[in-house]
Amino acid sequence: LPAGRVARACTTICVGGDRPVVAYNYDFHPQEGLLLVNQRGTVRRSRVEPGGAVWTSRYGSVTFNQFGRDNPTTGMNERGLMVSLMWLDGSEYPPADARPAAGILEWIQRHLDLDETVADVIATAETVRPTGTTPIHYFFADARGDAAVIEFFAGRMVVHRGADLPVRALANNTYDESVRAYDAAKRRGEMPASRGSLDRFVRGAMLSEGKGDPIARGFEILASVANPGYTRWSVVYDLAARVVHFRTDSNLEIRRLALGGLDFACEGTVRMFDVTAAGSGDVAGRLRPYTRAANRALIEASFGRTPFLKDRSGAEKDAAAAHPDRTSTCAGR
């Protein structure tokens, strides 16, 4: 794959076993990121103008953010619902209509804020219109073992779930194309070896069928489908236990954060952790209060390393960094 394509080569795999575990590789240009602890009872307002959605979070969550607070690329909430995104050329979001809108990353935060299960996601997904210019599709899974893929073609939302989700994985081809490649490889009895999207989907799905500790297996699968030099974060979600395990290309030591031990009360302080920091093990004691300066530094670094964002003005970056402070407040305040 050309370098630009490899840099957009994320992969998500459900790890087979007796509990719901999902493994996710985030492959992109920047390596910087903040792990954020998001509070329940927070009123959020989309940056989309006009007609941006407004909502109040029901659940706390932990998210991995590269393009600023309230714009996660992946995360899990305190009820065990997770979501990840992957690049998908050809995605086309719904055109403007009477519905409120949210950016394609804000749309992730909204579902983590409001939904407990995949069924909830599907029931509410079309009440707010996702909008943006970056083509992606989404993978959702929950602590009950349910999962779904959501894609957008010609402005229409397409859902794969249940019998329509025979392989619980996602990469950078459409889900239908990926399943056809998987079925063909199974018929041939071959394990594909390339870093291409279809081969990563097939190889990850095949490897997910093994046995052993699902967390360790999740990281082994992610190593097998990684793109050296572009896989920035590897995250394994234990949905039933509500524990996030992760490592980064700048620190291969596995770190973890248990959501059950976090205070998600809105009256508290939003907390953060630099995912590129040194160290290993439990990071709960290393969480620090969120600051606008940290958000602005993250945006400066990530925008600067992303080809289609590097020319954004300082004023645009300032506005993006300041938006959560102006609009994300505790309900009732």
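These numbers come from a predicted model, not from an experiment.
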Side chains of [X] and [Y] only: does a donor on one sit below 3.5 Å from an acceptor on the other?
| X | Y | result |
| --- | --- | --- |
| T231 | D249 | no |
| N172 | R200 | yes |
| H111 | D115 | yes |
| S194 | D199 | yes |
| S328 | T42 | no |
| N65 | T63 | yes |
| S46 | E106 | yes |
| S234 | N25 | yes |

Does a salt bridge link [X] with [Y], judged by any charged N lying under 4.0 Å from a carboxylate O?
| X | Y | value |
| --- | --- | --- |
| R99 | D97 | yes |
| R232 | D27 | no |
| E78 | R40 | yes |

task: Among residues two or more places apart or on two chains, list those pairs meeting side-chain hydrogen bond (donor to acceptor under 3.5 Å, both in side chains) that have a residue in residues 275-288.
output: D274-T276
- request: Assess whether atom CZ of R144 is packed by more than 12 heavy atoms of other residues, nucleotides or ligands within 6.0 Å.
  value: no
Quick check: is [Y] connected to [X] through a chain of hydrophobic side chains (ILVMFWY, heavy atoms under 4.5 Å apart)?
| X | Y | value |
| --- | --- | --- |
| I150 | V158 | no |
| L257 | L36 | no |
| V48 | L112 | no |

message: By the salt bridge (charged side-chain N to carboxylate O under 4.0 Å, His left out) test, which pairs, at least two apart or in different chains, include something from residues 295-305?
response: E32-R305, R296-E300, R296-D318, E300-K317
query: For D238, what residues pass the salt bridge (Lys or Arg N to Asp or Glu O under 4.0 Å) criterion, not counting sequence neighbours?
result: R19
Inter-residue atom distance L207.CG - S224.OG, 0.5 Å rounding: 5.0 Å
task: Any chance you could measure L88, atom CG, to C10, atom SG, to the nearest 0.5 Å?
output: 11.5 Å
Connected hydrophobic set around W55, excluding itself, where side chains approach under 4.5 Å: L114
field: For T117, all residues meeting side-chain hydrogen bond (donor to acceptor under 3.5 Å, both in side chains), sequence neighbours excluded
entry: D120
query: Given R203 and E209, is the salt bridge (Lys or Arg N to Asp or Glu O under 4.0 Å) satisfied, shown in steps?
result: CA-CA 10 Å; R203 187 165 65 255; E209 299 164 3; over 6 Å; no
message: Here's a test for you: under side-chain hydrogen bond (donor to acceptor under 3.5 Å, both in side chains), which of Y237, Y24, Y26 qualifies with T74?
response: Y237
message: Name the residue from T327, T56, D113 that meets the side-chain hydrogen bond (donor to acceptor under 3.5 Å, both in side chains) definition with R44.
response: D113
query: Is there a side-chain contact (heavy atoms from CB on, under 4.5 Å) between M86 and T11 once you walk through the steps?
result: CA-CA 7 Å; M86 283 130 288; T11 313; 5.8 Å; no
- prompt: Knowing that exactly one of V149, V121, V159, I122 qualifies, which makes a side chain to side chain contact (heavy atoms under 4.5 Å, CB included) with F140?
  reply: V121
- request: Start with the C-alpha gap between F273 and L34, add the side-chain angles, then the distance that decides, and say whether side-chain contact (heavy atoms from CB on, under 4.5 Å) holds.
  value: CA-CA 6 Å; F273 176 77; L34 289 177; over 6 Å; no
- prompt: Can a cation-pi geometry be assigned to R256 and F246, taking NZ or CZ under 6.0 Å from the six-membered ring centre and within 45° of the ring axis?
  reply: no
Kindly list each side-chain donor-acceptor pair under 3.5 angstrom involving residues 131-139, sequence neighbours excluded, with atom names and distances?
{"from": "H137", "atom 1": "ND1", "to": "E151", "atom 2": "OE2", "distance (Å)": "2.9"}
{"from": "H137", "atom 1": "NE2", "to": "A171", "atom 2": "O", "distance (Å)": "2.8"}
{"from": "Y138", "atom 1": "OH", "to": "I104", "atom 2": "O", "distance (Å)": "2.8"}

Hey, what's the ring geometry for [X] with [Y], parallel, tilted or perpendicular (30° and 60° as the breaks)?
| X | Y | value |
| --- | --- | --- |
| Y175 | H160 | tilted |
| F308 | W87 | tilted |
| F152 | W107 | perpendicular |

field: Residue pair R110 / T124: nearest heavy atoms and the distance that separates them
entry: NH1-O, 4.3 Å
